[in-house]
Amino acid sequence: MSTFLHQFRIISSLKNIYNIYVVPFHKVIAPVPPRHPAVRKMHTQSINKNLQLKSVDEIQNDSSKKKPLALILAWMLAKETHIEKLRKLYISRGFDVLTVKTPPKDFLFPVSGSQVIAKNVLDYFTSHENYEDIVVHAFSVGCYLMGEMFVQMRKDSEKYKDISSRIRSVIQDSAVDIEGIQTGFPRAITKNLITIKILEWYVSTHLALMFNVATKHYLTSSKNFHNTPLKCPALLFVSEADKVGSLVANQMLKDNW
């Protein structure tokens with residue numbers, strides 16, 4: 001793993017080339033739109049197995065109706081009851097909510113998994129231009145998925161050229177970068193200590209033997225994650241006691257951004 005950690009430190013030391021003017025966060029979130037009554041019926045649309053849209057309005061392909069959108073990039077194996085609390089928080093403030101989940105298999109094999117999910121999210125943005133104001137709220141492995149989105153945005157810059165300006169703010173909770181995969185992934189799957197040790201061994205082996213299949217893509221995502229194309233306010237949450245999202249990695253991210 002020493003080679004991967006060395007590459008991670010090189011990536012993490014990179015500074016963003018943009019001179020970003022940061023707007024105070026309170027100017028982005030205020031004023032708060034009126035709350036919707038809790039009794040209103042919720043409408044749900046399953047876009048695919050990874051993406052789900054929720055709204056208090058009937059979901060139609062009407063590009064003329066402008067609404068803000070909250071993109072929730074969920075943590076691994078997130079329970080619906082926990083995500084629903086976040087959805088209600090945004091919906092009560094007038095947002096539609098697009099929830100994105102990344103299963104363990106899609107994380108371990110990014111070419112056929114997480115990269116496809118990232119592209120699906122961006123394609124949804126391009127086909128729904130009525131969402132001019134987007135807030136991204138990412139948790140744990142969802143922050144890695146954001147890095148994969150940045151990779152796609154740079155790879156096809158013409159197609160996704162307006163997305164950076166539509167993302168108005170980013171909230172990250174316990175971001176997991178490549179240096180935290182070996183310890184973070186097992187603890188996101190289970191709390192059983194024996195299973196954690198087995199999974200740590202598996203992930204370590206996976207990173208070493210599957211460089212072209214997985215590891216090089218994690219490194220590319222990390223590099224793009226640290227060199228964000230976004231020019232908007234960001235709020236980062238991290239805990240010293242968190243065994244999944246490293247405090248050091250999150251501080252590196254903060255400094256680079």
Side-chain angles (χ1 to χ4, degrees), residues 1-14 49-50 72-79 82-83 99-121 138-152 172-227 236-254 256:
M1 286 298 293
S2 59
T3 303
F4 306 130
L5 291 177
H6 176 67
Q7 290 174 304
F8 169 73
R9 292 192 182 100
I10 293 174
I11 290 170
S12 299
S13 67
L14 297 174
K49 65 178 182 178
N50 303 107
I72 295 179
L73 303 177
W75 60 100
M76 196 169 291
L77 302 180
K79 295 181 179 179
H82 297 156
I83 299 177
T99 305
V100 182
K101 294 183 178 181
T102 306
K105 177 178 67 69
D106 291 335
F107 175 76
L108 290 173
F109 299 95
V111 175
S112 60
S114 55
Q115 291 180 5
V116 175
I117 298 171
K119 189 176 185 302
N120 287 340
V121 173
F139 297 83
S140 189
V141 72
C143 300
Y144 152 73
L145 186 63
M146 193 187 303
E148 292 287 9
M149 289 170 59
F150 294 166
V151 173
Q152 296 291 335
Q172 296 191 40
D173 195 321
S174 307
V176 174
D177 211 334
I178 188 168
E179 107 301 344
I181 292 176
Q182 183 180 358
T183 56
F185 179 83
R187 287 168 174 79
I189 299 294
T190 180
K191 294 182 180 179
N192 184 285
L193 293 178
I194 296 175
T195 308
I196 286 174
K197 291 299 180 183
I198 294 172
L199 286 173
E200 283 181 347
W201 172 84
Y202 171 79
V203 173
S204 177
T205 305
H206 184 82
L207 291 172
L209 299 181
M210 309 283 279
F211 184 86
N212 290 326
V213 174
T215 310
K216 73 175 185 180
H217 299 291
Y218 299 148
L219 290 166
T220 301
S221 174
S222 179
K223 180 178 179 180
N224 281 268
F225 190 44
H226 281 262
N227 290 273
L236 276 66
F237 291 103
V238 63
S239 168
E240 292 180 347
D242 194 334
K243 294 182 180 180
V244 179
S246 161
L247 174 62
V248 174
N250 278 266
Q251 286 177 329
M252 285 181 180
L253 181 69
K254 173 186 71 72
N256 289 342

Subject >> Worked verdict on V238 versus Q251 for side-chain contact (heavy atoms from CB on, under 4.5 Å) >> reply: CA-CA 9 Å; V238 63; Q251 286 177 329; 5.9 Å; no
Original post:
Are W75 and H82 close enough, and set up right, to give a side-chain contact (heavy atoms from CB on, under 4.5 Å), and what steps lead you there?
Top reply: CA-CA 11 Å; W75 60 100; H82 297 156; 3.8 Å; yes
Original post:
Any sub-3.5 Å donor-acceptor pair from S140's side-chain atoms to G142's backbone N or O?
Top reply: no
**OP:** Compute the ring centroids of H226 and F150, then answer whether they are less than 6.0 Å apart.
**Re:** no
Original post:
Does a side-chain heavy-atom distance below 4.5 Å link L108 with Y202?
Top reply: yes
Original post:
Does the side chain of F237 reach to within under 4.5 Å of the side chain of Q172, using non-hydrogen atoms?
Top reply: no
**OP:** Let me see the working for E148 and V151 under side-chain contact (heavy atoms from CB on, under 4.5 Å), right down to the final yes or no.
**Re:** CA-CA 5 Å; E148 292 287 9; V151 173; 4.3 Å; yes
Original post:
What is the distance from atom OG1 of T220 to atom CD of Q115, rounded to the nearest 0.5 Å?
Top reply: 8.5 Å
Original post:
Can you check whether V111's main-chain N or O pairs, donor with acceptor, with H217's side chain at less than 3.5 Å?
Top reply: no
Subject >> Heavy-atom closest pair, residues H206 and T215 >> reply: O-OG1, 4.3 Å
Original post:
With a 4.5 Å heavy-atom cut-off, do K254 and N250 have their side chains touching?
Top reply: no
**OP:** Nearest 0.5 Å please: distance from the NZ atom of K105 over to the CZ atom of F109.
**Re:** 8.5 Å
Subject >> pair C143-V176: side-chain heavy atoms closer than 4.5 Å >> reply: no
**OP:** Using modelled atom types only, decide if a donor and an acceptor are shared between the side chain of S204 and the backbone of E200 within a distance under 3.5 Å.
**Re:** no
Subject >> Y218/L207 under side-chain contact (heavy atoms from CB on, under 4.5 Å): CA gap, chis, key distance, verdict >> reply: CA-CA 9 Å; Y218 299 148; L207 291 172; 3.6 Å; yes
Original post:
Hey, what do you get for CZ (F139) to CD1 (I83), rounding to the nearest 0.5 Å?
Top reply: 8.5 Å
Subject >> Within-4.5 Å side-chain heavy-atom neighbours: N50 and D106 >> reply: yes
Original post:
To the nearest 0.5 Å, what is the distance between CG (L219) and NZ (K216)?
Top reply: 11.0 Å
Subject >> Inter-residue atom distance I72.CD1 - D173.CG, 0.5 Å rounding >> reply: 11.5 Å
Subject >> Pairwise side-chain contact, I117 with L145, heavy-atom cut-off 4.5 Å (strictly under) >> reply: yes
Original post:
When rounded to the nearest 0.5 angstrom, what distance separates OG1 in T102 from CG in L77?
Top reply: 10.5 Å
Original post:
Regarding Y144 and S114, is there a side-chain donor-to-acceptor distance under 3.5 Å anywhere?
Top reply: yes
